[in-house]
Structures are given as C-alpha cells and as structure tokens.
**Student:** 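Dropping a structure here in structure tokens format, bear with me for questions.
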Amino acid sequence: MEAQSNGYAGRIAVCPGSYDPVTYGHLDIIRRGAKIFDKVVVAVVNASVRKNAPLFDADERIALIEQSLTDVPNVEVVKFDILVVDLAREVGASVILKGLRAISDFEYEFEMNQLNRSMAPEVESVYMMASPMYSFVSSSGIKEMVRFGGTVDEMVPPHVAVRLAEALKSQTSS
Ligand code: ADP
C-alpha cells in the first residue's frame with residue numbers, strides 16, 4: 001500500500017462523534033473498525049451545532065473513551081473543531097467510519113455523506129450496522145435514564161456509569 005501524506009503506510013479510518021459519554025454501542029463500532037483498519041482515529045467533537053451543551057467537556061469524554069479501549073493498540077482518540085473531511089485529511093485517513101442504528105441515523109448520515117463527498121471525493125464513508133443489542137443505545141437516552149434513576153450497566157462501561165451518576169447529581173443539585 002502506498003504511503004500516505006503523514007508517512008503512515010496503513011489504512012486509517014476516522015470515527016467522529018460527540019461521545020457524551022461513550023457507550024458500548026460506540027465501542028462496538030470502534031472495536032470492529034480496529035479489526036478492519038490499520039488504525040482508527042476516534043474524533044471527539046469539541047462543540048456541536050446539532051446538539052446542546054455537552055454534559056462532559058471534551059477532555060473528559062476523551063479520557064472516558066481511552067479508559068475503555070486500553071486493550072486496543074491501534075486506536076487513537078483526538079479532539080476536533082473542524083470539518084470531518086478536513087480532519088480526515090489532517091490525520092491521513094481515507095475513510096470516515098460511522099455506526100448506523102435502527103432507521104433513525106440513516107437520513108442524517110445520508111445528507112452528511114452527500115456533503116462530505118462533494119467536499120472530499122477521495123474520502124470514502126463506511127457504515128457499520130449497530131449490533132442488535134446496542135441498536136437503541138444512545139448517549140442522550142442514557143443520560144435521561146440515569147437522570148431518572150434508571151440502570152445503564154448494560155449500555156456503558158462501569159467507569160462511565162460512575163461519572164454519569166456523579167455529573168448528573170451535581171447538575172441537579174446546582
Ligand atoms: P449519540 O447519538 O449517541 O450521541 P454520537 O453523536 O456520539 O452518538 O455518534 C457518533 C457515531 O456513533 C455516529 O455514527 C452514530 O451513529 C454512532 N453510534 C452512536 N451510538 C451507536 C450505537 N449504539 N451503535 C452503533 N453506532 C452508534
């Protein structure tokens with residue numbers, strides 16, 4: 001395979017999202033991606049126009065992801081504030097990797113795909129179907145469940161569940 005602009009010879013995929021916080025659904029896609037690509041760059045969006053203010057700041061979201069993937073050597077977690085296609089070029093990625101849940105993600109991803117393709121035709125988007133047990137897992141749903149006393153142990157790693165409970169408790173008491 002030809003060396004890329006950053007000198008890395010393997011195929012790199014960038015996996016963007018807000019990860020507020022990371023869930024087993026995200027981790028499933030990242031782990032599956034890490035088996036296919038030489039490297040997966042998990043890109044944590046600093047601020048999003050699509051979503052409200054995040055519960056966790058970007059550095060903490062990054063730390064929670066890193067703590068969940070200590071056993072996967074070919075994953076790197078970065079923060080970004082630019083277009084995903086520009087980030088892909090910056091890190092030498094030829095692929096944007098995304099997870100698709102039920103039908104809800106399709107319309108948004110379809111639109112983003114057209115936009116990204118027009119800006120960077122050399123960057124291919126690849127979609128992985130969510131595993132059935134995580135098809136209805138979303139960061140926003142999890143936050144709502146924890147806020148109302150629900151258990152999310154099957155949807156997020158233990159260290160994420162602990163931080164979620166703490167963060168939502170301090171939010172309601174302030
Ligand atoms: P969320 O909607 O949970 O806040 P993000 O904006 O962080 O998620 O999403 C980042 C990427 O991860 C998107 O491609 C999204 O479709 C994917 N994703 C999120 N949750 C899951 C899941 N449970 N299974 C598979 N992919 C998922």
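Please read all numbers here as calculations on a predicted model, not as lab measurements. We count ligands from 1, going down the list as the structure has it; atoms in each ligand are counted the same way.
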**Student:** Could you verify whether a donor N or O on one side chain and an acceptor N or O on the other, from D20 and S139, lie under 3.5 Å apart?
**Tutor:** no
**Student:** Determine whether the side chains of Y127 and D105 contain a donor N or O and an acceptor N or O closer than 3.5 Å.
**Tutor:** no
**Student:** Just distances here: any N/O of T23 and N/O of ligand 1 closer than 3.5 Å?
**Tutor:** no
**Student:** Could R31 and D71 be called an ion pair, given the rule that one side-chain N must be under 4.0 Å from one carboxylate O?
**Tutor:** yes
**Student:** If hydrophobic clusters are built from ILVMFWY residues whose side chains come within less than 4.5 Å, do I142 and F136 share one?
**Tutor:** no
**Student:** Return yes or no for this condition: an N or O of Y19 is under 3.5 Å from an N or O of ligand 1.
**Tutor:** yes
**Student:** Using a strict 4.0 Å cut-off to heavy atoms of S139, name the atoms of ligand 1 that fall inside it.
**Tutor:** 3 (O), 4 (O)
**Student:** Which of the numbered atoms in ligand 1 are under 4.0 angstrom from any heavy atom belonging to S138?
**Tutor:** 3 (O)
**Student:** Could you verify whether a donor N or O on one side chain and an acceptor N or O on the other, from S68 and H159, lie under 3.5 Å apart?
**Tutor:** yes
**Student:** Is H26 in polar range of ligand 1, meaning some N or O pair under 3.5 Å apart?
**Tutor:** yes
**Student:** Please determine if V137 has a nitrogen or oxygen closer than 3.5 Å to a nitrogen or oxygen of ligand 1.
**Tutor:** yes
**Student:** Please report the shortest heavy-atom distance between I29 and A130, naming the atom on each side.
**Tutor:** CD1-CA, 4.5 Å
**Student:** If the cut-off is 4.0 Å to any non-hydrogen atom of G25, which atoms of ligand 1 fall inside it?
**Tutor:** 22 (C), 23 (N), 24 (N), 25 (C)
**Student:** Indicate yes or no for a side-chain donor-acceptor contact from R61 to the backbone of F56 under 3.5 Å, with no hydrogens or angles considered.
**Tutor:** yes
**Student:** Using non-hydrogen atoms of the residue, decide whether S18 is closer than 4.0 angstrom to ligand 1.
**Tutor:** yes
**Student:** Heavy-atom distances under 4.0 Å decide this one: backbone, side chain, both or neither, for I29 against ligand 1?
**Tutor:** side chain
**Student:** Quick check: does D105 get an N/O under 3.5 Å from an N/O on ligand 1?
**Tutor:** yes
**Student:** Distance under 4.0 Å to a non-hydrogen atom of G17: what atoms of ligand 1 satisfy this?
**Tutor:** 7 (O), 10 (C)
**Student:** Given R32, R61, R101, which one has a non-hydrogen atom that is nearest to atom 27 (C) of ligand 1?
**Tutor:** R101
**Student:** Counting only heavy atoms not in E166, do more than 12 fall under 6.0 Å of its CD?
**Tutor:** yes
**Student:** Find the distance between CG (L69) and NE2 (H26) and round it off to the nearest 0.5 Å.
**Tutor:** 12.0 Å
**Student:** May I ask you to check if ligand 1 and L100 share an N or O to N or O distance below 3.5 Å?
**Tutor:** no
**Student:** What atoms of ligand 1 come closer than 4.0 angstrom to any heavy atom of Y134?
**Tutor:** 22 (C), 23 (N), 24 (N)
**Student:** Just checking, any donor-acceptor pair under 3.5 angstrom between side chains of S94 and R11?
**Tutor:** yes
**Student:** With a heavy-atom distance limit of 4.0 Å, tell me whether P16 approaches ligand 1 through its side chain, its backbone, both, or neither.
**Tutor:** backbone
